[in-house]
Amino acid sequence: MFRSIYLTRTRFSSFTKTLISPFQFLSSPYSVSSEHQQINNDNDGSYVAIPLYNRDPTDPPRLFLVQPRLKPPTFMQAKLNEALCLANSLEEQRDGYFDTDFFEKELPPHVVVQNPSRKSVKTRADTYFGPGTVEAIKCHLNNAESKGEVDAIFVNAILSGIQQRNLEQAWEKPVLDRVGLIIEIFNAHAHSKEAKLQAELAALMYKKSRLVRVRGPDGRSTFGAAGEAEVVSARGRGSGGRGFISGAGETELQLQRRRIIERRRQLLSQIEEVRRTRALQRAARKRHGGVDGQGLVTVAVVGYTNAGKSTLVSALSESDLYRDARLFATLDPRLKSVVLPSGRKVLLSDTVGFISDLPIQLVDAFRATLEEVVEADLLVHVLDCTAPNLNEHRSTVLQVLQQVGVSQEKVENMIEVWNKIDYQEEEMGDDEYPNGGEISSFSGEEDEAANLSAEEAHTASEVVDVQSRNKCGVNNAKSNDNLSELSTADVGETIDENQGDSDGWLLSEDDQDNVYEYWTTVGDQQSKPTNEDRMIEKDARSQDQHTPDVKISALTGVGLQELLEIIEDRLKAQDNKWKASNIVERDFFNQKWRPPRTDEDRVAAEQ
Ligand SMILES: Nc1nc2c(ncn2[C@@H]2O[C@H](COP(=O)(O)OP(=O)(O)OP(=O)(O)O)[C@@H](O)[C@H]2O)c(=O)[nH]1
Ligand SMILES: [Mg+2]
């Protein structure tokens, strides 16, 4: 059924070799506080640390996912699926491959909670979620932990440094937000030197924004949750500063900031080198690559992560690029030559996939790689047509293209390809999934609540309130206070969401048909839709109205010939346009300059 679509993919074999970045301390966005206790000073002044979670490639970290609620349900499911995929994608590559089959991995435990970034509720500056939600999550976390170790918590939202640190303190586990996890994945999947450099730069930029000072247990202002001493080096002492400053030394915060800035400078100069080499290679290709002195044209394949770019490039070029259902399987651009129907040879470039909610700094870190896209002669945009939030994927890709500086003309000329049309839901048995396609449930209460109607939700919320108290064994006064503060709405939201959204990977086909009805009935009963909700709904409705240039299956080969013909036509049209503009320019510029004739010259010529 439909619920199976988004995560069922063909899988590939796996191999091994450990990749350990010499700057793992800097490349891991996990909180600095715990890490900095593990830092060792290396000979060359760089820092090597034992990362927080187990970096054994055969034993990836176990994450607990916290998903803030979104509307409508299809969008929510798509985001939840993506988050589960992200959580399961964090795994070290060995020899450029992964050890385990993605679909053999168990789904991470997770909980859907009230979304504080929605207009009706306020995001808290200190903990992002309200105190009730924080406490409720802790209960679920304890429950999940009792069934197996949890290494860290992944909140599928963007948190500030302070929020992250406070949540770490509340939950007593490292917390990763969406950007942090994506960077972890970049680091784990980076294979080439170029990818490693860029992934590390992304981590540094993220980390710089996470350097926060917190109030220690004794009320002192300290750096890090464990209350480390603030002044850690004598640098700055007597270095020309005046009065108090001259003797203040360097605080941990300043020290970390300085290290990050120094390392960033080093990385930028190395990346600049990569950019220069790439630019030279591109120029050489343009000059000599083609036949009859014609430059070799590059066609860049772009798209949301997991859309099937590598599978498509492999199929068209009859090569074997690495493809995988893990998100960000490709971080290095790869060029493969393809022969078009007319016999003309072009280069196809496979590159890193995009994802929503990625800050511009992270896109910036991958600028060297993305230059292949900016400099390409033509773009092919691959979309996974089974993604329920296809429109969001499209707009994310367009936004990133704009951010990296692709011209409007190129975007307008881009070929839109809908991939994975082979997908036949009937062919996909639930037994291909862990838990038979059901989202793993770690709490009986949710299951009970899931069977309740919307009207019963209020009562159910109280049931869970009591049960979560019992289960968590919360008996100190402070926690009890928190739980009473925990508004019924907070817990109720958790239940409602489980009721509506958590019973499968995606809604069934019938649910899909009824989604708009659901939206205007159940949704209205729960809360009035905001403008944002209406826009998402409109977006979902207009999804079917958008027509691609071609529908294909990179896996079975359907539509590939048609795609090659479209590429050929677009390139021809571009060539003609270029020639036309060139002729006009040449006529204008090639006219030889002659001195204007004087009257005497004319008379002499006539005689
Ligand atoms: N059913 C089906 N699956 C496909 C098709 N194309 C790709 N896939 C699967 O989709 C998953 C992702 O494919 P990739 O080619 O790695 O996707 P990508 O866009 O390169 O992903 P990243 O490199 O991670 O951004 C793989 O498991 C593929 O087997 C298709 O046409 N049909
Ligand atoms: Mg790829």
Side-chain angles (χ1 to χ4, degrees), residues 2 4-14 81-82 85-86 88-91 93 96-98 100-105 181-182 185-186 188-192 195 198-199 300-317 319-336 348-356 358 362-363 366 369-370 372-373 379-387 390 393-394 396-397 400 416-429 432-433 548 550-560 562-563:
F2 191 69
S4 326
I5 291 184
Y6 199 44
L7 285 178
T8 303
R9 305 287 182 258
T10 311
R11 310 316 333 286
F12 298 88
S13 50
S14 324
N81 285 342
E82 183 181 277
C85 271
L86 275 172
N88 266 1
S89 296
L90 180 52
E91 196 175 346
Q93 273 190 352
Y97 292 88
F98 296 98
T100 48
D101 188 289
F102 188 72
F103 291 107
E104 274 169 19
K105 292 180 97 178
L181 178 60
I182 291 169
I185 296 172
F186 283 172
H189 296 187
H191 197 55
S192 70
Q198 295 181 124
V301 178
V302 294
Y304 208 80
T305 180
N306 208 46
K309 302 176 291 298
S310 305
T311 314
L312 175 63
V313 174
S314 296
L316 291 178
S317 60
S319 59
D320 191 22
L321 288 181
Y322 184 70
R323 60 263 194 192
D324 197 286
R326 281 171 185 78
L327 306 189
F328 303 108
T330 307
L331 288 184
D332 297 303
R334 287 263 185 280
L335 287 165
K336 291 283 166 192
L348 273 193
S349 142
D350 178 26
T351 192
V352 60
F354 306 149
I355 198 163
S356 57
L358 210 57
L362 298 197
V363 178
F366 277 77
T369 292
L370 291 173
E372 292 296 339
V373 173
L379 300 182
V380 172
H381 179 188
V382 184
L383 281 150
D384 175 352
C385 67
T386 67
L390 184 130
H393 286 192
R394 183 189 295 106
T396 298
V397 170
V400 176
E416 182 167 316
V417 178
W418 283 14
N419 188 28
K420 308 194 186 181
I421 54 157
D422 62 290
Y423 196 86
Q424 292 296 321
E425 294 164 36
E426 291 73 28
E427 283 173 23
M428 306 295 176
E432 286 182 50
Y433 295 90
V550 59
K551 291 185 182 182
I552 62 156
S553 164
L555 213 58
T556 63
V558 174
L560 295 191
E562 198 186 334
L563 172 59

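Sequence positions, counted from 1, serve as the residue numbers for this chain. Only a predicted model underlies this, so the values are computations on that prediction, with no experimental measurement involved. Only this structure's heavy atoms are used, side chains among them; waters, hydrogens and symmetry mates stay out. When a ligand or atom number is given, it counts from 1 through the structure's own listing order.
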Can a side-chain donor-acceptor contact be found between [Y] and [X] if the only test is distance below 3.5 angstrom?
X	Y	result
S349	T351	no
D422	T556	no
Y304	N306	no

Is there at least one pair of N or O atoms, one from [X] and one from ligand 1, spaced under 3.5 Å apart?
X	result
F328	yes
T351	no
D350	no

Ligand 1 contact on D324 by region, counting heavy-atom pairs under 4.0 Å: backbone
For a quick test of reading the model, state the closest non-hydrogen atom pair linking [X] to [Y] and the distance between them.
X	Y	answer
E372	A300	O-CB, 4.4 Å
H393	A387	CE1-CB, 3.6 Å
N419	A307	ND2-O, 3.0 Å

With under 30° as parallel and over 60° as perpendicular, where do the rings of F328 and F186 fit, or are they tilted in between?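 F328 and F186: perpendicular rings.
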Atoms in ligand 1 flagged as close to [X], the criterion being non-hydrogen separation under 4.0 Å:
X	result
T305	22 (P), 24 (O), 25 (O)
G308	7 (C), 13 (O), 14 (P), 15 (O), 17 (O), 18 (P), 19 (O)
R323	14 (P), 15 (O), 16 (O)
R326	24 (O)
G353	25 (O)

With [atom] as the reference point, say which of [options] has the nearest heavy atom.
atom	options	result
atom 28 (C) of ligand 1	T330, V382, V558, T311	T311
atom 11 (C) of ligand 1	N306, L327, L312	N306
atom 1 (N) of ligand 1	V302, I552, D422	D422

Basic-acidic side-chain contact under 4.0 Å: E562, K551: no
Please state whether the separation between the Mg ion (ligand 2) and some N/O/S atom of S310 is under 2.8 Å?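 For S310, the answer is yes, given that an N, O or S atom comes within less than 2.8 Å of the Mg ion (ligand 2).
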Within T330, is some N, O or S atom less than 2.8 Å away from the Mg ion (ligand 2)? yes
Given V417, which partner from the list L383, V550, L560, V301 fulfils the side-chain contact (heavy atoms from CB on, under 4.5 Å) test?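 So the option named by the test is V550.
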Residue of the set D384, V382, L390 for which side-chain contact (heavy atoms from CB on, under 4.5 Å) holds with W418: L390
So, does G303 sit close enough to ligand 1 that a heavy atom of it is under 4.0 Å from the ligand?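 Distance cut 4.0 Å: G303 fails for ligand 1.
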